[in-house]
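Before any comments, here is the structure.
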Amino acid sequence: MRLRQTLRDLIAAGLLRAREAGEAAFEEMPLFDLKNPKLPEHGDFSTNAALLLAARVKRPPRQVAEAVVRRLEAPPGLFDRITVAGPGFINFFLSDDAWRQVILEIHRLGPAFGNSTVGAGRRVQVEFVSANPTGPLHVGHGRGAALGDALANLLAAAGFTVEREYYINDVGTQILTLGKSLYFRVLELMGRSVEFPADGYQGDYVVDLARECLDERGPLDLAAEPESLFPELGRYAADRILAGIRQDLDDFGVGFDRWFSETALYDDGWVQKGFARLKEQGCLYEAEGALWFKATAFGDDKDRVVQRSTGATTYFASDIAYHLEKFTRGYDLVVDIWGADHHGYVPRLTAAAQALGYPGRLKVILVQLVSLLRQGEPVAMTTRGGAFVTLREVLDEVGKDAARFIFLTRRADAQLDFDLDLAKAQSAENPVYYVQYAHARLASVFRLAEAQGVTLAAPDPARLPLLALVEEMDIIKLLANYPDLVEGAAHNLEPHRITYCLTDLASRLHSYYYKHRFLSDDPDLTQARLWLVKAVQTVIAHGLGILGVAAPESM
RNA sequence: GGGCGAUUAGCUCAGGUGGAUAGAGCGUCGGUCUCCGGAACCGAAGGUCGGGCGUUCGAGUCGCCCAUCGCCCGCCA
């Protein structure tokens with residue numbers, strides 16, 4: 001049973017009956033809200049249906065509300081009362097018994113409570129991280145990784161069929177530049193005095209790679225033209241770096257269903273297929289020796305080059321090809337997660353998706369880059385400059401759970417300050433522990449209960465009314481709202497809502513725990529309270545599961 | 001110059017698709033343990049939601065203008 005849906009149906013039925021009775025001559029059913037008011041005096045649920053209707057039927061809102069309330073046919077025991085208040089809100093006060101049913105439901109569904117079927121199995125692909133294999137992942141990538149993975153979990157919980165994908169940009173000048181960088185580092189190790197190129201990747205990892213390269217492959221062929229060695233050295237370096245990226249992500253708890261290589265787009269002819277499709281649509285033209293996509297026809301500021309006058313295709317051409325390939329696979333929705341510095345790129349890719357014949361199926365989420373702080377001072381994070389903090393370093397310092405949780409405490413488009421010293425020095429005060437502690441604390445309670453010979457029987461509806469404290473009812477209402485919260489978070493592609501919900505739930509639990517003993521001399525009361533907190537533990541575990549954070553039995 | 005995103009308590013940020021009297025954490029100040037895990041709990045102080053105009057029965061939320069900050073604006077990736 002879902003209370004919210006039950007109520008919506010009741011209200012809709014009431015509206016229809018009011019119309020039949022000639023009290024509200026509306027044509028289309030209004031899209032009314034059903035909210036949880038902030039103030040307890042306004043009930044458990046409140047609807048603005050009468051306010052919306054009043055304007056259409058030209059009667060005072062309160063009169064309409066009264067009429068609707070008269071026509072409601074509520075099942076016995078569901079409500080304590082239904083009132084009309086304020087400008088014309090209809091407020092529903094549910095009976096405590098109605099609320100308590102959620103405990104039975106959670107017990108029945110167990111770890112599946114919170115899942116839903118709104119996704120109806122529709123296929124969603126989430127493409128994220130997709131960092132170029134020219135250097136190790138940094139903190140910003142970590143945020144994208146945490147978000148993408150949690151989003152994928154969230155969508156799966158909401159009933160979508162989800163696939164995770166990593167796109168590897170392994171074509172183009174950056175790989176040559178990487179090869180060049182490696183070349184010069186190896187030369188240095190061979191004792192040659194050379195000047196490292198200004199456009200090279202200066203990170204220490206290239207030096208490490210050079211050492212490995214020298215060990216494995218021996219000295220460079222100094223007789224060869226340096227440029228002729230760059231491609232192979234570049235591929236060598238990219239392969240090694242990518243292996244490191246995979247390892248970092250694996251340790252971060254992030255896995256992918258598919259690692260898609262840009263090279264494959266060319267091998268399989270997708271770039272040409274993309275061009276052909278655009279040409280069919282009349283969206284491709286030649287000018288100034290180059291090939292252009294008519295992006296302006298789909299809302300972009302200017303047309304975009306897909307093939308340079310040199311004959312080389314652009315990065316954008318690859319992306320067109322890649323998305324055509326994706327859409328061809330039949331996804332109902334493709335979600336791309338990018339760094340916010342790529343936002344200027346959104347209009348042209350959206351335009352391309354439309355031109356290819358897949359309007360509305362691409363959703364780009366922009367993640368603001370992480371501002372990394374050390375002792376309050378900003379840390380430079382450019383790959384070229386070499387002075388950056390890696391995801392690996394953060395993982396080693398603060399741990400997977402804390403890092404993921406912190407990344408998921410902000411909306412994607414809000415900047416995030418990540419103070420390493422704070423995270424390191426005060427990791428025990430990290431919000432993640434607050435939530436995990438609630439879970440572990442309950443595990444401890446159950447261990448103690450077991451040691452005392454208390455076994456948790458199946459919930460007995462007749463004894464649920466023993467749960468009547470304000471703290472207990474507040475928790476029950478949070479639990480009952482959880483499935484709706486998951487659906488809303490999934491619909492809006494916002495995993496951070498889960499984070500806040502869990503913090504709230506943990507807070508209520510801690511407070512409840514402090515004020516009232518779960519294990520008491522009264523066996524019935526003990527059972528009832530254990531049912532409740534078992535339900536809390538189940539929901540916390542579910543939410544942490546979406547975030548990809550462990551739900552520990554002890555800490 | 002154009003565009004995107006932001007602007008909510010001292011700080012960092014939530015605010016579910018427009019609802020009724022504005023929320024949390026941290027910090028500050030003051031309290032709570034003979035008791036299931038104190039990584040906890042309770043209380044207080046702290047706000048003209050950057051400014052203005054508009055739409056609406058009703059705006060932190062939607063539209064326009066302005067201010068400040070960040071980012072983007074290449075036949076780079």
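Everything quoted here is computed from the prediction, not taken from an experiment.
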What is the distance from [atom1] of [X] to [atom2] of [N], rounded to the nearest Å?
X: K35(A); N: A59(B); atom1: NZ; atom2: P; result: 15 Å
X: L509(A); N: C36(B); atom1: CG; atom2: C1'; result: 12 Å
X: L408(A); N: G25(B); atom1: CG; atom2: C1'; result: 17 Å
X: Y514(A); N: G38(B); atom1: OH; atom2: P; result: 9 Å
X: D341(A); N: C4(B); atom1: CG; atom2: P; result: 17 Å
X: H510(A); N: C33(B); atom1: NE2; atom2: C1'; result: 16 Å

### Message
Taking only the P atom of each, what is the distance from G50(B) to A6(B) in whole angstrom?
### Response
12 Å

### Task
Determine the interatomic distance between C1' on G10(B) and the same-named atom on A44(B); round to the nearest Å.
16 Å

Which base sits across from [N] as a Watson-Crick or G-U pair, both distances under 3.5 Å?
N: U12(B); value: A24(B)
N: G1(B); value: C73(B)
N: C36(B); value: none
N: C29(B); value: G43(B)
N: A67(B); value: U7(B)

Touch class at under 4.0 angstrom, heavy-atom based, for [X] against every strand present:
X: A414(A); answer: sugar-phosphate
X: S520(A); answer: nothing
X: L51(A); answer: base

### Task
Test the R8(A)-F32(A) pair against the cation-pi criterion, namely NZ or CZ under 6.0 angstrom from the six-membered ring centroid and within 45° of the ring axis.
yes

### Message
A cation-pi test, strictly: NZ or CZ of R81(A) under 6.0 Å from the centre of the six-membered ring of F93(A) and no more than 45 degrees from its axis. Yes or no?
### Response
yes

### Query
Parallel under 30°, tilted from 30 to 60°, perpendicular over 60°: which one fits the rings of H542(A) and Y482(A)?
perpendicular

### Query
Taking the inter-plane angle between the rings of Y500(A) and H496(A) on a 0 to 90° scale, is it parallel (under 30°), tilted (30 to 60°) or perpendicular (over 60°)?
perpendicular

With a 3.5 Å cut-off and heavy atoms only, can you find an N or O donor on one side and an acceptor on the other between the side chain of [X] and the base of [N]?
X: N48(A); N: A20(B); value: no
X: H343(A); N: C71(B); value: yes
X: T503(A); N: A24(B); value: no
X: N481(A); N: G16(B); value: yes
X: S444(A); N: C36(B); value: no

### Message
Quick check for you: among U17(B), C41(B), G70(B), whose closest atom lies nearest to any side-chain atom of N492(A)?
### Response
U17(B)

### Proximity to the side chain of R410(A) - top-ranked nucleotide from A40(B), A77(B), C13(B)
C13(B)

### Query
Does the R4(A) side chain pair with the main chain of F45(A), one donor and one acceptor, at a distance under 3.5 Å?
no

#### Entry: Aromatic-base stack, F89(A) on A20(B), cutoff 5.5 Å, angle under 30
yes

### Stepwise ring-ring contact (aromatic ring centres under 6.0 Å, His included) test for F128(A) and Y166(A)
CA-CA 6 Å; F128(A) 59 111; Y166(A) 187 119; 8.2 Å; no

